[in-house]
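Computed from a predicted model, the values in this text were never measured in an experiment.
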Amino acid sequence: MGSSTAIRELQRDLENKANDLSKLQKDIAKNHQVRKKYTIQLGENELVLKELDLLNEGANVYKLIGPVLVKQDLAEANANVRKRIEYISAELKRLDGNLQDLEEKQNSKKDAIFKLQQRIQSFQAGKAKA
Amino acid sequence: MEEAAAAARAAAAGKGTVTPFASLFPSNEAQKAAKRVEEKIGEKEKELDCINEFVTENANLINLVSKLPDELNHEIMVPFGKAAFFPGRLIHTNEFMVLLGEGYYAERTAKQTVEILTRRGKVLDSQVESLKANMRDLKAEASFFDVTASEAAEGLVEIREDFVEENPSKKSSKSGKFLPLHPLSQLALLGFSPQSSPFNFQAINDKNDNKNDAVEDDEYARIMSRLDELEKEELEAEDEEVDAEDDDESNVQQHDAAESNDESDTGEQTDATESDSESHENMQMEAKSNQLPHQIHSETTKSGVDSSKAFTGSIVESADIIQTNSRQQAVTSPQASKPAFDSSKATTGSIMEGGDPIPTNLQQSVTSSQASKPAFDSSKAFTGSIVERTYNLPTSRGQPTVSSQVSNSQPSKPVSRFKMRRP
């Protein structure tokens, strides 16, 4: 009787861990998506910066804000784009760190689940013998 | 089943392992992986299509922008809402607001716009290139998975064992069961055809007979000394050596080709070439006699031996050479077995560097157990050799039938030969 309750407990534990693991995996997938988005934005911003660098001094530059085009100074626009690139790069780095963390957690969870499964199996084998 | 049993035996001996490929990479798993990669390829293909669309759009836009300033104004139909158009006129044909991205617009002339657009086109081209490279990689991966899946389905096994250096002389004196037949086994190892070295086969059958009759050790000693004599005779002969070497070279090349067809380790390949050169040296040192082959050649033709049989004989030999050169044996045995059987079945796995005698015997048994599945006439003779090698193992497979078979096939000839040659 005691062994059956122990098994039930182990199974509950296993279930909890499995839930945690799936949550972690979801987080990782989300992280991947966000990262993809940021990488695309980074590429776009770099393109813009290149084009802005190629413009001559007197060129008129506008920024689309909502429905209106607002005239901007070329230097200001340039600075804005640079800042944006910096921000995105920092964000990407942060996401990378996050991802590593998540993956470590995932691996440890996987190990734990594996061990739990083994224990349950050995329990069941013992029961079958008895 | 048989592989699994063999693996268990090998593991029990603690000398080597035989792992069925299917257990390492279950075929359905491999197929799943292949499917996943295929899906990825499909995704990339879609991306590529999308980018290609962009490229053509960009080209069209460049075309249009470069044409617009040709006229001062253009008569056009201006879209009004979703369904309505009204006539209008395009003026300021040389002024463009170009979207640079991220909500930034720049006022540009047509010429400057075209420049921007061509730059954009270049970026798109590079993207297309990288995508294509990506897809090539994925395709290679997919084909690899496919191959793995099919191999697992075919029942390939991986044979692995540690390389243990064994002193040849010590071993042979310890057990009279193993005969150090240097020159013969060398030849056999190299997969000599029965035409060029018929005495090979003869000698093997002699041995089989003797062994199966369970003769005492001194009998072997006698044969051994006899063989040494033959060896000396061989040394005298020089001219035969040349074409023999040619022969063996071509054979070895053949084996190598077969090997590279299978998924073998590169290490194994190098080993194969190594052993190749090694045996060349041996060949030179222990050249065969020209008189002996001739003599026996007539015998063999009389007895009507078919080549596959002779070949299995050579495999038996190769089991023997463990004593003399364990490393070579381990490497070459799969080669030797290859041409005799249908290649996919027989190759059954890569033998890692290895070769202390007993596990190698196990390996041999594994290869043979698989090889005997495809029905070919000499399978019996071959299993006979296994039985004799795996003396320490529970051999349920028909020893008596085999021995009788062997002795039937070569009833009195070997004996008579030795008698005849004995002074």
>> Would you say that more than 12 heavy atoms from the other residues, nucleotides or ligands in this model lie under 6.0 Å from the CZ of A:F114, or not?
In response: no

>> If you compare all heavy atoms of A:L55 against all heavy atoms of B:L100, which two are closest, and at what distance to 0.1 Å?
In response: CD1-CD1, 4.5 Å

>> Counting only heavy atoms not in B:L90 (residues, nucleotides, ligands), do more than 12 fall under 6.0 Å from its CG?
In response: yes

> Would you say the side-chain atoms of A:E44 pair up with the backbone N or O of B:E102, donor to acceptor, closer than 3.5 Å?
Replying inline: yes

> Does A:E51 come within less than 4.0 Å of B:R119, counting only side-chain N to carboxylate O?
Replying inline: yes

>> Is it true that, when you exclude A:R35 itself, more than 12 heavy atoms of the residues, nucleotides or ligands shown sit nearer than 6.0 Å to its CZ?
In response: yes

> Are any non-hydrogen side-chain atoms of A:L69 and B:M97 less than 4.5 angstrom apart?
Replying inline: yes

>> With a 4.5 angstrom heavy-atom cut-off, is it the side chain or the backbone of B:R108 that approaches chain A, or both, or neither?
In response: side chain

> Looking at A:L47, A:L54, A:V70, which makes the most heavy-atom pairs under 4.5 Å with chain B?
Replying inline: A:L54

>> Heavy-atom cut-off 4.5 Å, strictly under: side chain, backbone, both or neither for A:A77 against chain B?
In response: both

>> Looking at A:K63, I want to see if its NZ is surrounded by more than 12 non-hydrogen atoms of other residues, nucleotides or ligands under 6.0 Å.
In response: yes

>> With chain A as the partner, which of B:V123, B:V98, B:I116 has the greatest number of non-hydrogen pairs under 4.5 Å?
In response: B:I116

